[in-house]
Amino acid sequence: MLARLAANRLAGIRQSFRQTSRCLSTALNYHIDTPDNNSDLPWEFSETNKKKVAEILSHYPSNYKQSAVIPLLDLAQQQHGGWLPISAMNAVAKVVEVAPVRVYEVATFYSMFNRAKVGKYHLLVCGTTPCMIRGSREIEEALLKHLGVKRNEVTKDGLFSVGEMECMGCCVNAPMITVADYSNGSEGYAYNYYEDVTPKRVLEIVEMLRRGEKPPHGTQNPGRIRCGPEGGNTTLLSDPKPPPCRDLDAC
Ligand code: FES
């Protein structure tokens with residue numbers, strides 16, 4: 001009995017350690033000044049993006065400019081090669097006329113904002129339950145091992161980094177990864193989903209990207225069309241019957 005209690009306790013400790021190490025392995029939630037990331041470095045939206053900023057702001061009442069903080073951070077991140085230095089966040093705070101800390105709060109809360117450099121291709125593995133039970137842990141492990149990096153580290157050639165995202169709304173084709181390509185600024189920015197992936201398939205995708213190829217995105221399962229069931233439809237096999245119409249004149 002005592003041995004079983006001790007074993008259960010040990011399993012609980014191991015589980016909480018695993019959870020803690022997962023939390024700690026995500027990008028830092030605080031800022032440390034570095035030569036390439038400090039508030040003395042100038043940062044502003046490009047001339048093209050200034051027009052986009054005006055367009056984004058036009059969606060909100062002038063006394064609710066702060067509502068534009070997420071699309072503006074997104075635009076700043078696209079302009080800055082996929083990550084947000086502190087001076088870019090400060091520039092956004094200036095545009096929406098709030099204290100910088102209000103922008104930091106948003107950027108540190110949402111995992112789609114990167115506050116450290118990422119690779120040309122930032123590979124985001126979905127870690128939420130449907131993808132997890134369909135093998136996302138094995139997919140992340142395969143990517144990290146193949147690229148020789150830890151989560152959120154960039155490969156030496158600057159080509160790849162691996163991060164984790166929560167549900168990206170594609171659970172029907174779980175597990176899935178997203179490949180964010182920030183190398184062409186906000187004009188050529190790409191954010192492609194690769195669905196129904198396996199550890200083998202994600203490595204093939206990585207190698208195709210390395211060779212400059214464009215792996216077809218969407219489902220990687222040849223037996224499935226988009227989000228349809230594998231092997232073809234099992235319901236709605238014929239035109240649906242129209243609803244019965246009442247003869248209104250007879251009423
Ligand atoms: S759980 Fe992965 S896309 Fe929803």
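- Taking 4.5 Å as the limit, some side-chain heavy atom of Arg210 sits within range of a side-chain heavy atom of Leu159.
- Contact annotation: the side chain of Val69 never approaches that of Arg102 to less than 4.5 Å [non-hydrogen atoms, C-beta and beyond].
- Here the CG atom belonging to Leu123 is positioned 5.5 Å from the CD1 atom belonging to Ile177, to the nearest 0.5 angstrom.
- Looking at Asn49, its side chain never comes within 3.5 Å of a backbone N or O of Phe45 through a donor-acceptor pair.
- Looking only at distances, no side-chain donor or acceptor of Thr178 sits under 3.5 Å from a matching main-chain atom of Leu124.
- The minimum heavy-atom distance linking Ala174 with Asp196 is given by the pair O-OD1, 3.8 Å.
- Looking at heavy atoms from C-beta onward, Val149 lies out of side-chain contact with Val154 at the 4.5 angstrom threshold.
- Ile139 places none of its side-chain heavy atoms less than 4.5 Å from the side chain of Thr198.
- Side-chain contact between Arg115 and Met89 is present, with at least one heavy-atom pair separated by less than 4.5 Å.
- Linking ILVMFWY side-chain heavy atoms closer than 4.5 Å, directly or via other members, places Val98 and Ile70 in a single hydrophobic cluster.
- Taking CD of Gln79 as the reference point, atom CG of Leu84 lies at 10.5 Å (rounded to 0.5 Å).
- Contact record, Ser111 with Met165: OG-SD, 3.4 Å, taken as the closest heavy-atom pair.
- Salt bridge Glu141/Lys145: absent, no basic N to carboxylate O contact under 4.0 Å.
- Residues Ile205 and Glu207 have side chains not in contact (no heavy-atom distance under 4.5 Å, counting atoms from C-beta outward).
- If you take OG on Ser46 and CD on Gln78, they are separated by 11.0 Å, rounding to the nearest 0.5 Å.
- What you find for Pro130 and Cys171 is that their closest heavy atoms are CB-CB, 3.9 Å.
- Ion pairing between Lys120 and Asp157 fails under the 4.0 Å rule for side-chain N and carboxylate O.
- Within the model, atoms CG of Asn221 and CD of Glu195 stand 10.5 Å from one another, a figure rounded to the nearest 0.5 Å.
- A distance of 6.0 Å separates CD in Glu164 from CD in Glu140, rounded to the nearest 0.5 Å.
- Ile56 and Ala68 get closest at one heavy-atom pair: CG2-CB, 3.9 Å.
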(message) Show, in sequence, the C-alpha distance, side-chain angles and deciding distance for Glu55 and Lys52, and conclude whether the salt bridge (Lys or Arg N to Asp or Glu O under 4.0 Å) test is met.
(response) CA-CA 5 Å; Glu55 204 268 328; Lys52 290 187 184 169; over 6 Å; no
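- Between the NZ atom of Lys50 and the CG atom of Leu75 there is a distance of 12.0 Å, given to the nearest 0.5 Å.
- Residues Val95 and Lys65 approach most closely at O-CD, 3.8 Å, considering heavy atoms.
- Annotation: Leu41, atom CG; neighbour count of heavy atoms from other residues, nucleotides and ligands within 6.0 Å is above 12.
- Ring geometry, His217 versus Tyr194: the interplanar angle exceeds 60°, so the pair is classed perpendicular (tilted spans 30 to 60°).
- A heavy-atom distance below 4.5 Å is not found between the side chains of Thr219 and Ile225.
- Residues His122 and Val179 have side chains not in contact (no heavy-atom distance under 4.5 Å, counting atoms from C-beta outward).
- Between the side chain of Asn173 and the backbone N or O of Arg226, at least one donor-acceptor pair lies under 3.5 Å.
- Ring-plane geometry between Trp83 and His80 is classed as perpendicular, the angle between the planes exceeding 60 degrees on a 0 to 90 degree scale with a lower cut at 30.
- Ring orientation note: the planes of Tyr110 and Phe113 are nearly perpendicular, at an angle over 60° on the 30°/60° scale.
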